[in-house]
Amino acid sequence: MTRPFLDNTRARHLFLDLHMLLRPGSGSGRDKDLDGVLHSLGFVQLDSVNTLARAHDLILWSRRGQYRPAALEKAVARHRSAFEHWTHDAAVIPMPFYPVWRLKFARDEARMRARWSDARRPGWEAEIDAVLKHIDNHGAACSLDVGDGEKRASSGWWDWHPSKTALEFLWRSGRLAVCHRRGFRKFYDLAERVIPEDYRARRMDDAEIVDWAMSEALARLGFGTSGELAAFFDIVTRSEAQAWCAEALGCGRIIEADIEMADGSRRRSFTTEALLEHVHTLPAPSTRVRLLSPFDPALRDRARAERLFDFHYRIEIFVPEAKRQYGYYVFPVLQGDRLIGRLDVKRAGQALVLRAFWPERGVRMGKARTSGLMSELDRVAHLAGTDEIRYSPGWLRG
């Protein structure tokens, strides 16, 4: 039987629509609307770099222009409609997904016990009970509140003294939960004092969790290999993903299709008939020029993004300045179904400073597109809390 074929344009449209980037988008970006965005995306990655806005805030703002950072803080710290944990990295995750994360807790605990003995300063396992007792008796704590008397570096942010390691271990293994942040510093409390009882009480067996994670990943990616689906939430192992795909294919829950990549090659992927039908209902892409976070869910899988969009992107934070191709922290720019370039912009006091924009190969910066880019900078200035935009000489690069 001939496999269904999805050309590159329609594949992009499906993928971007599932990531809430195809249509203009409207909504308050707070409360129930924000909960809906988080659920649609699956999670939002957290990152501390704040040259313009933090990654999670920029991700949400790019879908909801009215979004402001206080809304996410409220969702986690007050409404408890979301919680912090890990996918492939630290993330904010919808609270209804919490029962699924029990498998993540168990697997992370086993991994940490196997690896952290060599990777962290010794003595952290001996501090686990003391850290738990401190939080039980005194309430929420940050890394500065535990390990009294332990030798520390001059700066506590990256100083993994034994009690901080124990604190992180207890969080990653599910016994503690992040209850709020102050600045970007995490405060932890006992999970039973943070996570609503309904979600803590629900139990799922491993097979149910694997099925959920794979099904929900496919619903958000639109199509993918077993490895791409497993990597989405990073809960399921590669072998579990392969077994799930084989079983789901055998019983007709999923199908195979050939997806055209940007270079014209075809990549055999799993999808569903419903997702392929959904392609035919999609509108034309919004013409808005969109500034994206380097950690945007649409770009999280760098290899997939390069295959699908012909967009090679790497963060150069840890590249020596003289060897950087673009800059310390540049932002991908999307228009329609195409990644059109990357932008070096940062907040400096009350101003946004645009240092450079590099169009992708074949992208012409005519009046309309340049105006669209400037309009996007006007929009993001409100998120960044700035009141002027400065354009550096020669900012538009060839």
Side-chain angles (χ1 to χ4, degrees), residues 20 27-46 56 59-60 63-64 67 69-110 128 131-133 135-142 167-182 186-220 232-236 240 244 297:
M20 306 181 73
S28 66
R30 62 180 184 272
D31 301 331
K32 293 296 184 182
D33 181 64
L34 178 59
D35 293 344
V37 174
L38 286 172
H39 187 277
S40 293
L41 294 177
F43 61 88
V44 171
Q45 183 173 334
L46 292 160
H56 41 285
I59 291 167
L60 295 168
R63 277 85 176 164
R64 292 290 189 264
Y67 166 83
L72 188 63
E73 295 168 8
K74 187 186 296 184
V76 174
R78 290 176 53 189
H79 294 169
R80 305 298 193 207
S81 59
F83 69 101
E84 289 192 24
H85 206 262
W86 279 65
T87 53
H88 59 288
D89 211 319
V92 174
I93 303 158
M95 188 63 78
F97 297 1
Y98 186 83
V100 175
W101 252 252
R102 290 188 179 280
L103 182 57
K104 180 78 166 171
F105 299 157
R107 289 181 171 176
D108 277 4
E109 177 168 353
I128 290 174
V131 168
L132 268 178
K133 183 177 180 180
I135 291 176
D136 189 17
N137 292 337
H138 301 286
C142 69
L167 194 62
E168 292 285 316
F169 173 85
L170 288 164
W171 169 54
R172 292 282 298 274
S173 59
R175 278 169 277 184
L176 298 180
V178 173
C179 55
H180 64 272
R181 284 180 182 257
R182 204 170 289 162
K186 297 193 294 285
F187 282 74
Y188 310 79
D189 206 342
L190 301 179
E192 55 265 35
R193 297 201 289 230
V194 177
I195 307 300
E197 169 63 23
D198 288 351
Y199 299 115
R200 285 191 296 107
R202 187 182 173 199
R203 292 292 188 272
M204 300 169 67
D205 62 34
D206 290 2
E208 288 180 290
I209 291 173
V210 169
D211 183 64
W212 181 95
M214 293 294 287
S215 300
E216 294 295 317
L218 184 56
R220 288 163 177 81
F232 186 82
F233 289 115
D234 196 28
I235 295 173
V236 176
E240 287 170 337
W244 182 90

Do [X] and [Y] come within less than 4.5 Å of each other through their side chains, counting heavy atoms only?
X: Gln45; Y: Thr87; answer: no
X: Tyr188; Y: Leu170; answer: no
X: Trp171; Y: Lys186; answer: yes
X: Phe233; Y: Met214; answer: no
X: Glu192; Y: Arg200; answer: yes
X: Leu176; Y: Leu190; answer: yes
X: Trp86; Y: Phe43; answer: no
X: Met95; Y: Pro196; answer: yes

Let's go through Glu216 and Val100 carefully: what are the C-alpha distance in whole Å and the side-chain angles of both, what is the deciding distance for side chain to side chain contact (heavy atoms under 4.5 Å, CB included) to 0.1 Å, and is it a yes or a no? CA-CA 11 Å; Glu216 294 295 317; Val100 175; over 6 Å; no

Do the numbers put Arg202 on top of the ring of Tyr98, so that NZ or CZ is under 6.0 Å from the six-membered ring centre and no more than 45° off the axis? no

Audit row: Arg63, Val44, side chain to side chain contact (heavy atoms under 4.5 Å, CB included) steps and yes/no: CA-CA 12 Å; Arg63 277 85 176 164; Val44 171; over 6 Å; no

[X] and [Y]: which non-hydrogen atoms are nearest, and at how many Å?
X: Leu38; Y: Ala82; value: CD1-CB, 4.1 Å
X: Ser81; Y: Pro96; value: O-CD, 4.2 Å
X: Phe83; Y: Pro94; value: CE2-O, 3.4 Å
X: Asp189; Y: Gly139; value: OD1-C, 4.3 Å
X: Met204; Y: Pro99; value: SD-CB, 4.1 Å
X: Ala71; Y: Gly29; value: CB-O, 3.5 Å

Once rounded to the nearest 0.5 Å, what's the spacing between atom [atom1] of [X] and atom [atom2] of [Y]?
X: Tyr67; Y: Arg30; atom1: OH; atom2: CZ; answer: 12.5 Å
X: Lys32; Y: His79; atom1: NZ; atom2: NE2; answer: 8.5 Å
X: Ile209; Y: Arg203; atom1: CD1; atom2: CZ; answer: 10.0 Å
X: Leu103; Y: Asp108; atom1: CG; atom2: CG; answer: 9.5 Å
X: Arg80; Y: Cys179; atom1: CZ; atom2: SG; answer: 6.0 Å

Determine the sole option in Val37, Ile59, Leu60 for which the side-chain contact (heavy atoms from CB on, under 4.5 Å) test with Leu72 is passed. Leu60

Flag the pair Arg107 and Glu240 as a salt bridge only when some basic side-chain nitrogen lies within less than 4.0 angstrom of an acidic carboxylate oxygen. yes

Is there a side chain to side chain contact (heavy atoms under 4.5 Å, CB included) between Arg175 and Phe105? Walk through the geometry before answering. CA-CA 9 Å; Arg175 278 169 277 184; Phe105 299 157; over 6 Å; no

Side chain to side chain contact (heavy atoms under 4.5 Å, CB included) for Asp234 and Lys104? Distances and angles first, verdict last. CA-CA 8 Å; Asp234 196 28; Lys104 180 78 166 171; 3.5 Å; yes

Determine whether the aromatic ring centres of Tyr199 and Trp101 lie less than 6.0 Å apart. no

Is the backbone N or O of Ala106 less than 3.5 Å from a side-chain atom of Glu109, with the two atoms forming a donor-acceptor pair by type? no

Would you confirm whether His85, through its side chain, and Ala90, through its main-chain N or O, come within 3.5 Å as a donor-acceptor pair? no

More than 12 heavy atoms of other residues, nucleotides or ligands under 6.0 Å from CZ of Arg78: is that the case? no

Can you confirm whether more than 12 heavy atoms, excluding those of Arg220, are under 6.0 Å from its CZ atom? yes

Across all chains, not counting sequence neighbours, the side-chain contact (heavy atoms from CB on, under 4.5 Å) partners of Asp211 are Ser215, Trp244, Arg253

